[in-house]
Amino acid sequence: MQLSLPLRRSAALAGAAALLALPQVATAATEVTLDDSVTATIENAEGVQAHGALDADPFTYTVKSRVKCEEPYVDGARTVFVQGEGEKATRVVMSGIDSLENDGTVINPIDASFVDIAAKGEADLQIECVKIDNGIPQPAPQAIVQPLTITEKEWQMKGISITEVADPAPAPSDNGGAEGGVNDGDTGAVDPAEPSAEAPTASDGGEANGPGKTEPSKQAPAKPSKGSGQASGAHGFMPRTGAEIAATAILALALIGGGAFAVIRMRKN
């Protein structure tokens with residue numbers, strides 16, 4: 001069933017009013033700022049993280065370098081967790097050797113959990129660029145080092161600032177039907193704006209749609225008032241229409257004929 005144009009216009013305006021009445025929920029956009037001291041980041045499915053749980057499942061975190069590997073150590077790279085110094089240092093390889101990106105940077109999915117190897121204190125997350133010599137990986141003399149702070153339940157990385165900024169509320173659409181016509185969903189036509197009060201348009205019955213001068217109906221002539229009859233000089237029995245004039249003439253002829261017949265008859269007698 002198709003609605004008429006006025007009903008479609010009313011429905012569209014009601015829907016727009018209902019949408020404007022709903023509370024505006026602003027989505028949050030995340031802004032990440034990295035200091036120049038950050039050489040590598042730890043990311044998850046939500047992006048760069050400044051801290052995270054130690055007991056996260058393997059492959060939850062991905063390490064990405066901000067520094068590229070240099071020749072000749074460009075056959076791949078791996079991530080290593082280092083904590084402590086000397087012979088008591090803890091050194092655990094946390095990823096496989098993955099190929100470098102086109103720009104020479106590193107992306108290593110971590111296949112181990114920090115909770116199994118990390119102790120409370122300071123640690124280093126190192127990215128080792130390697131070259132493969134006779135099938136044996138040889139790491140570069142200098143690794144890409146990113147310091148970490150380990151707490152009882154989290155790892156933390158300094159130099160990363162993450163803030164959530166609410167997006168501005170969307171402005172009302174220009175084609176909401178407030179000032180112009182509402183788009184007709186069936187034909188694509190636009191409902192014209194309402195006529196102004198200064199130039200009212202007469203309807204089929206002769207009445208104007210807006211305030212202004214009212215014209216008499218074309219189908220039902222206006223009934224003249226008493227004042228109009230007095231102004232036109234139509235008083236008493238004076239004839240006004242063609243039928244009344246014809247009847248008056250016939251009556252006059254009948255009276256004249258009857259009078260003449262009476263005179264002739266009186267003369268004969």
Side-chain angles (χ1 to χ4, degrees), residues 27-165 167:
T27 58
T30 302
E31 292 183 356
V32 180
T33 304
L34 303 178
D35 293 346
D36 293 337
S37 60
V38 177
T39 59
T41 59
I42 298 178
E43 304 185 14
N44 61 11
E46 298 177 355
V48 176
Q49 302 298 308
H51 58 87
L54 294 177
D55 57 354
D57 293 334
F59 299 103
T60 299
Y61 298 122
T62 300
V63 176
K64 294 185 179 181
S65 70
R66 300 183 69 198
V67 180
K68 65 180 181 178
C69 294
E70 301 292 343
E71 295 283 354
Y73 302 95
V74 292
D75 294 332
R78 63 189 177 191
T79 297
V80 180
F81 178 84
V82 179
Q83 189 173 28
E85 295 180 359
E87 297 178 355
K88 296 182 179 179
T90 300
R91 187 177 187 277
V92 179
V93 177
M94 302 190 69
S95 74
I97 298 177
D98 298 309
S99 300
L100 303 181
E101 299 298 298
N102 293 332
D103 59 355
T105 58
V106 180
I107 297 180
N108 286 148
I110 295 179
D111 56 5
S113 296
F114 287 105
V115 70
D116 298 328
I117 58 176
K120 186 176 179 180
E122 301 300 319
D124 286 335
L125 193 66
Q126 298 184 358
I127 297 177
E128 295 180 346
C129 301
V130 300
K131 68 176 181 178
I132 307 300
D133 188 4
N134 296 325
I136 300 174
Q138 297 182 5
Q142 298 294 330
I144 301 171
V145 180
Q146 175 59 47
L148 293 179
T149 299
I150 307 298
T151 65
E152 293 182 357
K153 296 183 179 180
E154 281 191 334
W155 58 265
Q156 298 175 355
M157 184 181 296
K158 296 179 181 179
I160 298 178
S161 176
I162 300 176
T163 57
E164 291 186 354
V165 180
D167 293 338

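Since the model is a prediction, treat every value here as computed from it, not as a measurement. In what follows, residues are counted from 1 in the order of the sequence shown. Atom set for the values below is all heavy atoms of this structure, side chains included, hydrogens, waters and symmetry mates excluded.
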Nearest heavy-atom approach of I150 to A118 is CG2-CB, 3.9 Å
(message) With a 3.5 Å distance limit and no angle check, can you tell me whether E154 reaches the backbone of E152 through a side-chain donor-acceptor pair?
(response) no
Check your understanding: Tell me, do I117 and M94 make a side-chain contact under 4.5 Å, heavy atoms counted?
Key -> yes
The reported gap from CD in Q142 to SG in C129 (rounded to nearest 0.5 angstrom) is 11.0 Å
Inset, instruction - Keeping the roles fixed (side chain from Q83, backbone from A119), state whether a donor-acceptor pair exists under 3.5 Å. - result: yes
Exercise. For the residue pair F81 and F114, does the interplanar ring angle fall in the parallel (under 30°), tilted (30 to 60°) or perpendicular (over 60°) class?
Worked result: perpendicular
Closest non-hydrogen atoms of M157 and I160, given as atom of the first, atom of the second and distance, are SD-CD1, 3.4 Å
Of all heavy-atom pairs linking P109 and F59, the shortest is CB-CD2, 4.0 Å
Practice prompt. Would you indicate whether the side-chain heavy atoms of Y73 and V130 approach each other to under 4.5 Å?
Written response: no
query = Distance only, no hydrogens: is a donor on one side chain within 3.5 Å (strictly under) of an acceptor on the other, for T105 and D103?
reply = yes
query = Is there a side-chain contact (heavy atoms from CB on, under 4.5 Å) between S113 and D55 once you walk through the steps?
reply = CA-CA 6 Å; S113 296; D55 57 354; over 6 Å; no
_Determine whether I42 and L148 satisfy the following criterion, side-chain contact (heavy atoms from CB on, under 4.5 Å), listing intermediate values before the conclusion._
CA-CA 10 Å; I42 298 178; L148 293 179; 4.3 Å; yes
Closest non-hydrogen atoms of S65 and V106, given as atom of the first, atom of the second and distance, are OG-N, 2.8 Å
Closest non-hydrogen atoms of N108 and A77, given as atom of the first, atom of the second and distance, are ND2-O, 3.3 Å
Practice item. Measure the shortest side-chain to side-chain distance between R78 and I97 over non-hydrogen atoms and say whether it is less than 4.5 angstrom. Key: yes
Separation between CD (Q126) and CZ (R91), nearest 0.5 Å, reads 7.0 Å
Looking only at heavy atoms, the pair that brings I110 and V63 closest together is CD1-CG2, 3.3 Å
Decide side-chain contact (heavy atoms from CB on, under 4.5 Å) for T79 and L125; before the verdict, give the C-alpha distance in whole Å, the side-chain angles of both, and the deciding distance to 0.1 Å. CA-CA 7 Å; T79 297; L125 193 66; 3.7 Å; yes
Notebook entry, point to check: Are any non-hydrogen side-chain atoms of I107 and D98 less than 4.5 angstrom apart?
Noted result: no
Note to self: Apply side-chain contact (heavy atoms from CB on, under 4.5 Å) to residues R66 and T39 and explain how you reach the verdict.
What the structure shows: CA-CA 5 Å; R66 300 183 69 198; T39 59; 5.5 Å; no
* Asked: Within a strict 4.5 Å, meaning less than it, do heavy atoms of the E122 and T149 side chains meet?
  -> yes
